[in-house]
2 protein chains.
Amino acid sequence: MNEYIKKLKCLGDETRIRILKLLITVNKELCVCEIVDSLKIQTYTISKHIKELKNAGILKESRRGKFIFYSLILNEDNFSENVINLINSLPDAYFSDDILMMNKRLSRRETDSCATGLSDKGDDK
Amino acid sequence: MNEYIKKLKCLGDETRIRILKLLITVNKELCVCEIVDSLKIQTYTISKHIKELKNAGILKESRRGKFIFYSLILNEDNFSENVINLINSLPDAYFSDDILMMNKRLSRRETDSCATGLSDKGDDK
DNA sequence: TCGACATTTGCATATATGTGCAAATATACT
DNA sequence: AGTATATTTGCACATATATGCAAATGTCGA
C-alpha cells in the first residue's frame, strides 16, 4: 500500500497539484523552464517538487539536450485515471492563470521542443 | 484552493485511508470504538486522525450518548465522488483484514455495549 | 454525586516537509 | 578549455506531522 500512499501524499501540496494540472491539461511533455514560467515559482522549488512527483512514480523524465521534459506516468490500473479525474474536479478558476501562462509559453515553441533562450520574461507578457 | 489541498493532504496517510475505506465500504456511520477494533490501532491515534479528517471537511460527527459516530460528508461537487473512486481503486487486498474485522464487529451491534447507540440506527441521516 | 465507559486533548519528542540560497552538475556552443 | 543555459542538490531553518502517554472531558446509570 505504501506505493499508493506515497502518491497520495504527493497530491497534498498546492504547487504539485498545479504542476500536475498543467501536465494533464496540455497532455504532453513539459520542460522545467516551461513549468517555472507558467507557475511563476522559483526553478529550484519546482525542481524539488518534480523530484518528489518522480520519486512517487507519478512523473517520468526524458532529457533532450539541455532540457529535461516531464510527463505523467499512466498506468493500467484505474488509479492514475482517478487521480486525473480528481484533479480535474477542482475548480478551473484556481488554474486559469497558470494555463494561460502555459499556453503563452508553449506558443513560443519552435519545434516540438522547448523554446531555447526565450524564457527572458520581459518581452511579451 | 486551500480547502481542497487540505482534503488532499488528509489522503496522504495510511491510517486515514484505512478509516475512509471502512466508511466507504460500510456506507453508514461508524463509532470510534468500531474503527479502533477494525484497524487494531490505539484509540487516541484513531481519534487524532479522525479529528484531521473532520477538520478537513471530509467527515462529520454525530454524538449519540456515550458514542460518537462518524460518516463521510458527501458534497454536490464531483470532488467527494472522485475521492471515493480513488480510494476504491486501491487494491482490495490492502483492506481485507480491516473489512473482515469491521464486519465481525458490526455483527455484534445488537448485543455489544456499543450496540446501545445502534438499536435505533434506522434514523440514519 | 460517583464510577464506568467512550473519546478527546495536552504535552513531549522524533521525524518529515517546504523554502531559500549558493554551489554543483549536465549539456551545448564557440 | 571556457562560457552560457538548464536543472539539480546540499545545507540551514522553520514549520508541520505522527505517535505515545497521562490526564481531561462528556455521557450514562446507580
Side-chain angles (χ1 to χ4, degrees), chain A residues 2 5-19 29-56 59-71 105 108-111 113-121, chain B residues 2 5-19 29-56 59-71 105 108-109 112-120:
Chain A
N2 231 32
I5 296 299
K6 215 157 79 177
K7 291 185 185 185
L8 291 172
K9 204 170 292 222
C10 255
L11 303 181
D13 179 273
E14 181 176 319
T15 304
R16 290 194 288 268
I17 289 291
R18 288 170 68 196
I19 293 171
E29 299 176 312
L30 290 175
C31 84
V32 177
C33 67
E34 289 169 334
I35 295 173
V36 166
D37 281 3
S38 303
L39 305 189
K40 295 179 224 134
I41 293 176
Q42 300 280 4
T43 306
Y44 54 75
T45 304
I46 296 295
S47 178
K48 281 171 183 173
H49 283 298
I50 284 178
K51 185 186 180 184
E52 293 207 43
L53 289 162
K54 201 178 54 177
N55 287 341
L59 297 187
K60 59 174 185 279
E61 78 178 36
S62 94
R63 180 184 275 272
R64 286 205 290 283
K66 286 191 292 193
F67 305 97
I68 305 180
F69 290 84
Y70 287 94
S71 57
R105 184 65 170 78
R108 303 158 106 188
R109 278 191 181 184
E110 291 174 340
T111 64
S113 192
C114 180
T116 318
L118 287 182
S119 65
D120 70 86
K121 291 125 186 138
Chain B
N2 231 31
I5 297 299
K6 215 158 79 178
K7 290 184 187 185
L8 290 173
K9 206 170 291 224
C10 255
L11 302 181
D13 179 274
E14 180 175 319
T15 304
R16 290 195 289 269
I17 289 291
R18 288 171 68 195
I19 293 171
E29 298 175 311
L30 290 176
C31 83
V32 178
C33 66
E34 288 168 334
I35 295 173
V36 165
D37 282 1
S38 303
L39 305 190
K40 295 180 222 133
I41 293 177
Q42 299 280 4
T43 305
Y44 54 76
T45 303
I46 296 296
S47 178
K48 282 172 182 172
H49 283 297
I50 284 178
K51 186 187 181 185
E52 294 206 44
L53 289 162
K54 202 177 54 179
N55 287 343
L59 296 187
K60 59 175 187 279
E61 77 177 38
S62 95
R63 180 185 275 274
R64 287 205 289 282
K66 286 190 291 191
F67 305 94
I68 305 180
F69 289 85
Y70 288 95
S71 57
R105 184 67 171 75
R108 291 171 20 209
R109 271 194 174 186
D112 192 280
S113 71
C114 195
T116 54
L118 263 292
S119 38
D120 51 6

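Here the structure is a predicted model, which is why all the values come from computation and not from measurement. Order of the sequence lines fixes the chain letters, A, B, ..., with proteins taken first and strands second; residue numbering starts at 1 for each chain.
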| said: Quick check on D:dA18: is either OP1 or OP2 less than 4.0 Å from any side-chain nitrogen or oxygen of B:Arg16? | reply: yes

| request: Check whether any side-chain nitrogen or oxygen of B:Tyr70 sits under 4.0 Å from OP1 or OP2 of C:dA6, and answer yes or no. | output: no

| query | B:Thr45 near the nucleic acid: base, sugar-phosphate alone, or nothing, with a heavy-atom cut-off under 4.0 Å? | reply |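 Answer is sugar-phosphate: B:Thr45 comes under 4.0 Å of backbone atoms only.
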
| Given that A:Gly65 and A:Gly12 both sit by DNA chain C, which one's nearest nucleotide is further toward the 5' end? |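 So the residue in question is A:Gly12.
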
For the pair made of [atom1] in [X] and [atom2] in [N], what is the distance, rounded to whole Å?
X	N	atom1	atom2	result
B:Gln42	C:dT9	CD	C1'	16 Å
A:Ile46	D:dT9	CD1	P	15 Å
A:Asn55	C:dT17	CG	P	11 Å
A:Ile35	D:dA6	CD1	C1'	13 Å
A:Ile19	D:dT7	CD1	P	13 Å
B:Lys6	D:dT17	NZ	C1'	15 Å
A:Ile41	D:dT8	CD1	C1'	17 Å
A:Lys9	D:dA16	NZ	P	16 Å

Shortest side-chain distance from [X], nucleotide among [options]:
X	options	result
B:Phe67	C:dT7, D:dA18, C:dC21	C:dT7
A:Lys51	D:dC28, C:dT7, D:dT9	D:dT9
A:His49	D:dT7, C:dT19, D:dT8	C:dT19
B:Tyr44	D:dG26, C:dG20, C:dT9	C:dT9
B:Arg63	C:dT27, D:dG20, D:dT27	D:dT27

| note | Closest heavy-atom pair, A:Arg16 versus A:Cys10, reported as atoms and distance to 0.1 Å, is NE-O, 2.8 Å

| task | List the atom of B:Cys31, the atom of B:Phe67, and the distance in Å for their closest heavy-atom pair. | result |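 Smallest heavy-atom distance, with atoms named: SG-CD2, 4.1 Å.
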
| message | With rounding to the nearest 0.5 angstrom, report the CD to CD1 distance, B:Glu14 to B:Ile41. | response | 7.5 Å

| message | Let me confirm one number: the OH-NZ distance from A:Tyr70 to A:Lys54, rounded to the nearest 0.5 Å. | response | 4.0 Å

| task | Establish whether the base of D:dG20 is bridged to the side chain of B:Lys48 by a donor-acceptor pair shorter than 3.5 Å. | result | yes

| task | Identify whether the distance between the nearest side-chain nitrogen and carboxylate oxygen of B:Lys9 and B:Glu52 falls below 4.0 Å. | result | no

